[in-house]
Amino acid sequence: MLTLLDYGAGNVRSVVNALESLGKKVKFVEKPEDILSAEKLIFPGVGNFSSLINTLHEKDFYEPLKRYLQENRPFLGICLGLQALFEYSEEAPGVKGLGIFKGYVKRFDTNLSVPHIGWNGIKAQKPSRLFEGLSGEEKLYFVHSYHIVPEEADIVLCTTDYGYEFVSAIEKGNIIATQFHPEKSGQVGLKILKNFLELEKPAVKPKFIPSKTRLAKRIVACLDVRTNDEGDLVVTKGDQYDVREKGRVRNLGKPVELARRYYTEGADEITFLNITGFRDFPLKDLPMLEVLRLTSQNVFVPLTIGGGIRDFTDRDGRFYSALEVASEYFRSGADKVSIGSDAVLIVEEYLRTGKATGQSSIETISKVYGAQAVVISIDPRRVYVDSPEKTRHPVIETEIPGPNGEKYCWFQCTIKGGREGRDIDAITLAKVCEKLGAGEILLNSIDRDGTNLGFDIELIQAVKEAISIPVIASSGAGSPEHFYEVFTKTGVEAALAAGIFHRKEVSIEEVKCYLKEKGIEIRPIFR
Ligand code: 1PR
């Protein structure tokens with residue numbers, strides 16, 4: 001029996017699912033005594049350092065947890081569950097951590113995109129049971145803006161490179177804690193969890209230690225989901241956002257089955273977009289929550305969900321905040337939420353008034369769940385002009401001239417699945433969203449969606465250069481070469497495709513093999 005310390009933020013369901021898939025029963029800590037009576041305690045953490053420590057105090061968990069750790073009893077901390085073991089964090093000045101180990105938590109000081117999101121390697125620093133069965137070439141899933149700086153060198157279990165070398169896991173006695181998320185690291189992560197459960201067995205020396213680890217470029221499979229004309233929830237796919245063929249919604253499969261297929265085929269991440277979420281209220285749209293619940297039972301890579309994340313008042317006058325909607329998604333198994341239409345309206349308001357309200361979906365969700373949990377999905381369309389003076393929006397000089405030979409264009413944001421164009425451009429939108437607390441941009445292109453012509457490199461370059469959070473390039477992928485092009489011509493961290501995978505024209509494995517041959521860092525597929 002394992003005991004899980006859930007302090008109420010983030011996606012603990014995936015940790016439970018991962019442990020259950022290993023045949024373990026999980027008990028939740030409900031009262032302070034449950035901590036001291038645990039045989040093995042698991043403490044996953046996402047979100048914010050101060051909200052975690054404050055919640056531990058409020059629930060009277062702080063002291064029992066400290067005692068459990070001081071008694072050197074079996075413990076696995078994950079992400080913030082690692083950081084909380086140190087004295088303090090730059091994320092929350094004045095807030096005291098558990099102080100089990102000397103040292104502090106520091107914000108990444110690098111010119112690379114922060115958060116550090118994605119699959120990176122580990123360099124073992126000492127033998128450990130955790131490394132049993134690993135070859136050293138594995139990549140694990142990270143998502144964080146802060147990392148630990150321990151004072152005691154002997155607790156360092158492994159390190160990882162991101163701009164510089166940082167400590168990515170520690171081990172001392174029976175206490176192990178990782179910055180990466182084993183529960184989101186596919187089969188490799190499950191192996192690590194299994195190793196923790198067998199901690200009493202002998203430690204092993206890692207076979208291979210890379211000189212430097214590299215963050216992999218992520219390949220994301222996207223499932224646009226909606227109810228079809230028969231009332232079934234299906235994966236569909238549009239051509240430039242038109243999902244109907246001969247008047248009927250295209251049906252490309254069932255969401256849970258397809259997600260599972262992409263997981264086994266090597267997708268580094270899976271995104272569900274509830275494409276009619278702008279008009280249907282997602283908490284009434286229970287099938288979508290069920291899709292997440294079922295998917296997260298056996299898909300152990302990050303899951304993002306988008307569609308309908310905004311404040312909402314129902315017919316009876318009951319108000320639901322965007323934070324409540326997002327929380328329900330996180331509880332159902334999502335790791336990140338993606339905000340589309342609402343982000344455009346928030347940024348318009350911000351530009352009109354010149355100030356942030358602190359109450360928007362982006363700000364409230366980011367504050368509770370952390371920036372890394374908030375993705376902004378942008379649906380831009382090219383608007384051509386003869387000359388830059390013809391518009392007040394930032395323009396680019398384009399190599400793809402407009403219908404009348406125009407040499408300039410700007411990228412107009414749309415809402416409601418591309419149905420309504422707004423007076424704001426994608427570059428400004430991305431910049432303001434970053435300022436408000438978004439952690440990642442999912443950059444679509446209505447012009448390229450479903451065309452197989454390749455990504456809109458000019459759009460992606462323009463947005464990527466304007467911001468410092470990671471960007472997922474989307475729309476238009478038709479071949480492995482297109483992925484290579486977007487990774488080499490722009491600095492994007494991830495590339496997403498839908499149609500080619502759904503129609504089985506190109507597999508995720510083919511894309512990864514091609515990229516690997518060309519020298520692009522990817523996450524190897526371990527089955
Ligand atoms: O506005 O917060 O409710 O979110 C709605 C979400 O649904 C947004 O993220 C929006 O992008 C998405 N969406 C709405 N309508 C459509 C549609 O297609 N009619 N999906 C839609 C389109 C594009 C990607 C697509 C890529 C790759 N989003 O999802 O998967 O373009 O396709 P490809 O590889 O086949 O070219 P809100």
Side-chain angles (χ1 to χ4, degrees), residues 219-226 228 234-245 249-250 252 255 258 262 267 269-282 285 288 304-312 322 325-326 329 336-347 360-362 365 374-381 413-420 422 426 429 433 438 440-456 459-460 472-480 482-483 486 494-506 508 511:
I219 306 299
V220 182
C222 182
L223 287 78
D224 287 356
V225 180
R226 63 161 289 170
N228 70 2
V234 296
V235 174
T236 189
K237 185 66 216 62
D239 291 328
Q240 300 183 314
Y241 284 35
D242 181 1
V243 298
R244 288 184 182 272
E245 197 170 302
V249 171
R250 277 194 198 97
L252 293 165
L258 266 188
Y262 295 142
E269 207 166 303
I270 290 168
T271 296
F272 292 103
L273 294 175
N274 182 355
I275 65 169
T276 51
F278 68 89
R279 59 169 186 245
D280 309 321
F281 180 50
D285 190 7
M288 207 57 214
T304 303
I305 174 99
I309 296 171
R310 66 197 148 98
D311 293 346
F312 185 84
V325 179
Y329 277 141
K336 314 187 220 179
V337 293
S338 129
I339 303 173
S341 303
D342 200 37
V344 178
L345 305 179
I346 293 164
V347 173
S360 71
S361 55
I362 302 174
I365 301 169
V374 182
V375 183
I376 305 300
S377 167
I378 312 182
D379 300 315
R381 178 183 276 130
C413 291
T414 64
I415 59 172
K416 302 179 182 169
R419 287 170 182 79
E420 194 180 316
R422 307 290 294 195
L429 187 95
C433 288
E440 198 168 30
I441 300 292
L442 163 51
L443 186 54
N444 303 295
S445 152
I446 299 181
D447 307 288
R448 290 298 172 100
D449 175 57
T451 61
N452 283 21
L453 289 172
F455 297 95
D456 187 335
L459 160 69
I460 296 162
I472 305 169
S474 163
S475 305
S479 67
H482 290 150
F483 287 85
V486 79
L496 171 153
I500 51 166
F501 298 149
H502 300 337
R503 296 186 298 266
K504 296 193 176 167
E505 290 162 10
V506 178
I508 294 169
V511 173

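Sequence positions, counted from 1, serve as the residue numbers for this chain. For ligands, and for the atoms within them, numbers begin at 1 and follow the listed sequence. Every heavy atom of this structure was used, including side-chain atoms; hydrogens, water molecules and symmetry mates were not.
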* Asked: Is Ile500 close to ligand 1, meaning an N/O of one under 3.5 Å from an N/O of the other?
  -> no
* May I ask you to identify, for Ser377, whether its side chain, its backbone, both or neither come under 4.0 Å of ligand 1 on a heavy-atom basis? => side chain
* Quick one: look at Arg310 and ligand 1, take heavy-atom pairs under 4.0 Å, and tell me if it's side chain, backbone, both or neither. => neither
* **Derivation and outcome, side chain to side chain contact (heavy atoms under 4.5 Å, CB included), residues Ile309 and Ile365** => CA-CA 10 Å; Ile309 296 171; Ile365 301 169; 3.9 Å; yes
* Structure fact -> If we number the atoms of ligand 1 from 1 as shown, the ones under 4.0 Å from a heavy atom of Cys222 are 29 (O), 30 (O)
* Establish, from distance only, whether the side-chain atoms of Ser474 and Asn444 form a donor-acceptor pair under 3.5 Å. => yes
* May I ask you to test the Phe455-His482 pair for a side-chain heavy-atom distance under 4.5 Å? => yes
* Asked: Between the main-chain N or O of Val220 and the side-chain N or O of Tyr262, is there a donor-acceptor pair closer than 3.5 Å?
  -> no
* Structure fact -> of all protein heavy atoms, closest to atom 14 (C) of ligand 1 is Gly417 CA, 3.3 Å
* Structure fact -> min-distance protein heavy atom vs atom 2 (O) of ligand 1 -> Gly340 N, 2.9 Å
* Do any heavy atoms of Ala498 fall under 4.0 Å from ligand 1? -> yes
* If you have a sec, work out which protein heavy atom is nearest atom 29 (O) of ligand 1 and how many Å separate them, to one decimal? => Asp224 OD1, 2.7 Å
* Structure fact -> Of Gly450, Gly307, Ser474, the one whose closest heavy atom lies nearest atom 4 (O) of ligand 1 is Gly307
* Structure fact -> In this structure, atom 1 (O) of ligand 1 is nearest to the protein heavy atom Ser341 OG, 2.6 Å
* Structure fact -> Among non-hydrogen protein atoms, atom 13 (N) of ligand 1 lies closest to Ile275 CG2, 3.5 Å
* Asked: What protein heavy atom is closest to atom 24 (C) of ligand 1, reported as residue, atom name and distance in Å?
  -> Asn444 OD1, 3.5 Å
* To do: List the steps and the verdict of side chain to side chain contact (heavy atoms under 4.5 Å, CB included) for Ile362 and Cys433.
  => CA-CA 8 Å; Ile362 302 174; Cys433 288; 3.8 Å; yes
* Tell me, which protein residue and heavy-atom name are nearest atom 33 (P) of ligand 1, and how many Å apart are they? -> Lys237 CE, 3.5 Å
* Structure fact -> Numbered in order shown, the ligand 1 atoms found under 4.0 Å of a heavy atom of Asp379 are 8 (C), 10 (C), 11 (O)
* Asked: Nearest to atom 31 (O) of ligand 1 by heavy atom, Asp449, Ile378, Asn452: which?
  -> Asp449
* **Main-chain N/O of Ser445 paired to Arg448 side chain as donor or acceptor, under 3.5 Å** => no
* To do: Around atom 3 (O) of ligand 1, find the nearest protein heavy atom and jot down its residue, atom name and distance.
  => Gly308 N, 2.8 Å
* **Those residues that, when tested against Ser341, pass side-chain hydrogen bond (donor to acceptor under 3.5 Å, both in side chains) (two or more places apart)** => none
* Heavy atom of Leu273 under 4.0 Å from ligand 1? -> yes
* Asked: Any side-chain heavy atom of Val486 sitting closer than 4.5 Å to one from Ile460?
  -> yes
* To do: Could you establish whether Gly306 and ligand 1 come within less than 4.0 Å of each other, counting only heavy atoms on the residue side?
  => no
* Could you walk me through whether Asn228 and Thr236 pass side chain to side chain contact (heavy atoms under 4.5 Å, CB included), step by step? => CA-CA 9 Å; Asn228 70 2; Thr236 189; over 6 Å; no
* Asked: So, Arg250 and Asp239, do they make that salt bridge, N to O below 4.0 Å?
  -> yes
* **Heavy-atom side-chain contact between Thr271 and Lys336 under 4.5 Å** => no
